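Here the structure comes first, spelled out in structure tokens, and everything after it is commentary.
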Amino acid sequence: MKLLISIILISTVLAAIPTKVTNCIANPSVIFTEATLSVQPQKGVDETITLYGTANTHVELTNVQLKAKWNGVDVFQEDFPEDEIYEKDDKVVYTLTQNFPTYTPSGKITTQFYFQNAKGTDFGCAEISIVL
């Protein structure tokens, strides 16, 4: 019985939490269809966000720009250099671990992940929202 309870607890902890993803630019070269969170969002805890999509043309990813809004107000922007090449119909999986500091105000946080080429042109964008 203890083994069964342990297995249930471990599988619950390791299970990804699906969340809604929206493509946030017109005519993207990567279409995002799914997103998961590693834990229920909370302050002071590392959160791994994983985005899943498909490239519909050849693209070269050199940067992911993360923008965050709290209750509609811009509060955060950071760049994450990348070096990936995707061909048409390639699966795209992007993972980022972030921490919402304990001083983060409560409310709705909307994050947008802009996928950019070497010229800084956005060719894909995924948006997810969480509530802290």
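Predicted model, so just to flag it, every value in this text is computed and none were measured. Start at 1 with the first residue, then count along the sequence. Every heavy atom of this structure was used, including side-chain atoms; hydrogens, water molecules and symmetry mates were not.
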Residues Lys43 and Ser106: closest non-hydrogen pair is NZ-OG, 3.0 Å
Check: Glu127/Gln112 side-chain N/O donor and acceptor closer than 3.5 Å:
yes
So, taking the atom named CG in Asn99 and the one named CD in Gln42, what distance separates them when rounded to the nearest 0.5 Å?
10.0 Å
Taking atom NZ of Lys108 as the centre, does the number of heavy atoms from other residues, nucleotides or ligands within less than 6.0 Å exceed 12?
no
Student check: side-chain heavy atoms of Phe80 and Leu96 closer than 4.5 Å:
yes
Locate the shortest heavy-atom distance separating Gly124 from Pro28; write the atom from each residue and the value.
CA-CB, 4.3 Å
What pair of heavy atoms forms the shortest contact from Ile109 to Ala68, and how long is it?
CG2-CB, 4.4 Å
May I ask you to test the Lys88-His58 pair for a side-chain heavy-atom distance under 4.5 Å?
no
Heavy-atom pair of closest approach, residues Pro41 and Leu132
C-CD2, 3.8 Å
Can you name the residues that form a side chain to side chain contact (heavy atoms under 4.5 Å, CB included) with Thr62, not counting sequence neighbours?
Ala118
Hey, what do you get for OG1 (Thr19) to CG (Leu37), rounding to the nearest 0.5 Å?
5.0 Å
Nearest 0.5 angstrom please: Glu60 CD to Glu87 CD, how far?
8.0 Å
Transitive ILVMFWY side-chain link Ile130 to Phe76, under 4.5 Å
yes
Is any side-chain heavy atom of Tyr86 closer than 4.5 Å to one of Phe115?
no
Is the shortest heavy-atom distance from the side chain of Tyr52 to the side chain of Phe32 under 4.5 Å?
no
Closest contact, heavy atoms only, Ala55 versus Val92:
N-CG2, 4.0 Å
With no hydrogens and no angle check, do the side chains of Asp122 and Gln116 hold a donor and an acceptor under 3.5 Å apart?
yes
Value rounded to 0.5 Å, distance of CG in Asn63 from CD in Glu84
13.0 Å
I'd like to check Thr111 versus Leu66 (side-chain heavy atoms, cut-off strictly below 4.5 Å). Are they in contact?
yes
side-chain contact (heavy atoms from CB on, under 4.5 Å) for Glu34 and Thr36? Distances and angles first, verdict last.
CA-CA 7 Å; Glu34 185 181 349; Thr36 60; 4.1 Å; yes
What I want to check is whether the side chains of Thr97 and Thr48 have a donor and an acceptor closer together than 3.5 Å.
yes
Is a side-chain N or O of Lys69 found less than 3.5 angstrom from the main chain of Asp74, in a donor-acceptor match?
no
Looking at side-chain heavy atoms only, is the closest gap between Thr54 and Thr33 below 4.5 Å?
no
Tyr114 ring centre to Lys67 NZ or CZ under 6.0 Å, with the angle to the axis within 45°?
yes
Using modelled atom types and a 3.5 Å cut-off, is there a donor and acceptor pairing between side-chain atoms of Trp70 and backbone atoms of Thr110?
no
How would you list all residue pairs meeting disulfide bond (SG atoms under 2.5 Å apart) that involve residues 21-88, not counting sequence neighbours?
Cys24-Cys125
What one should report as the nearest heavy-atom pair of Val64 and Leu61 is CG2-CD1, 4.0 Å
Using side-chain heavy atoms (C-beta onward) and a distance below 4.5 Å, is Ile17 in contact with Gln40?
yes
Separation of Ile49 CD1 from Gln98 CD (nearest 0.5 Å)
7.0 Å
CG of Asn56 to CG of Asp89: how many Å apart, nearest 0.5 Å?
8.5 Å
Would a 4.5 Å heavy-atom cut-off, applied to side chains only, mark Val59 and Ile85 as touching?
no
